[in-house]
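Here the structure is a predicted model, which is why all the values come from computation and not from measurement. No hydrogens, no waters, no symmetry mates; every other heavy atom, side chains included, goes into these values. We number each residue from 1, following the sequence as shown.
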Amino acid sequence: MFGKVDDHFIGIVDELVIMSESDAELAEGIRWIDSQSQKNGITFYEMALVVMRKHLAEKKAKEWLSAKLSDQRE
C-alpha cells in the first residue's frame, strides 16, 4: 500500500534525522512524521515515503496547473 522502502531511501531519511539535531524546523517535521507513523500503524520510513510522495504529487499538480493557466493566457 505504501510502497517499498529500500536501503537507499532509509539512508537518506537517516541523514535527515541526523541533520535535524541542528535544525529545529527539520526536527519538528521529523517528530511529526514519527507521530503520524505511530498513529497510522506503519513504520517511520513508510510514513516518510508517504509524505515525500504526497509532496511530489502536489508539486507536479501545481506545475501542471501553472502550465494550463499559462496556456490559457496566450
Give, for atom [atom1] of [X] and atom [atom2] of [Y], the distance between the pair rounded to the nearest 0.5 Å.
X	Y	atom1	atom2	answer
Lys68	Asp71	NZ	CG	6.0 Å
Ile12	Asp7	CD1	CG	11.5 Å
Tyr45	Asp14	OH	CG	3.5 Å
Asp23	Glu28	CG	CD	10.5 Å
Ile10	Thr43	CD1	OG1	7.5 Å
Leu49	Lys54	CG	NZ	14.0 Å

request  = Look at the side chain of Ser66 and the backbone N and O of Glu63, then say whether any donor-acceptor pair between them is shorter than 3.5 Å.
outcome  = no
ask   = Is the backbone of His8 close enough, under 3.5 Å, to the side chain of Asp6 for a donor and an acceptor to pair up by distance?
value = yes
task = Determine the minimum heavy-atom distance between Ser20 and Ala27, stating which atoms define it.
result = O-CB, 3.5 Å
key: For the student: nearest non-hydrogen atoms of Ala48 and Val13, plus distance   = CB-CG2, 4.1 Å
inquiry  = In this structure, would Leu56 and Leu65 fall into the same cluster of hydrophobic residues linked by side-chain contacts under 4.5 Å?
reply    = no
request  = Look at the side-chain heavy atoms of Ile, Leu, Val, Met, Phe, Trp and Tyr, link any pair under 4.5 Å apart, and say whether Ile30 and Ile18 land in one connected group.
outcome  = no
Flag side-chain contact, heavy atom, 4.5 Å: Trp64 against Lys60 = no
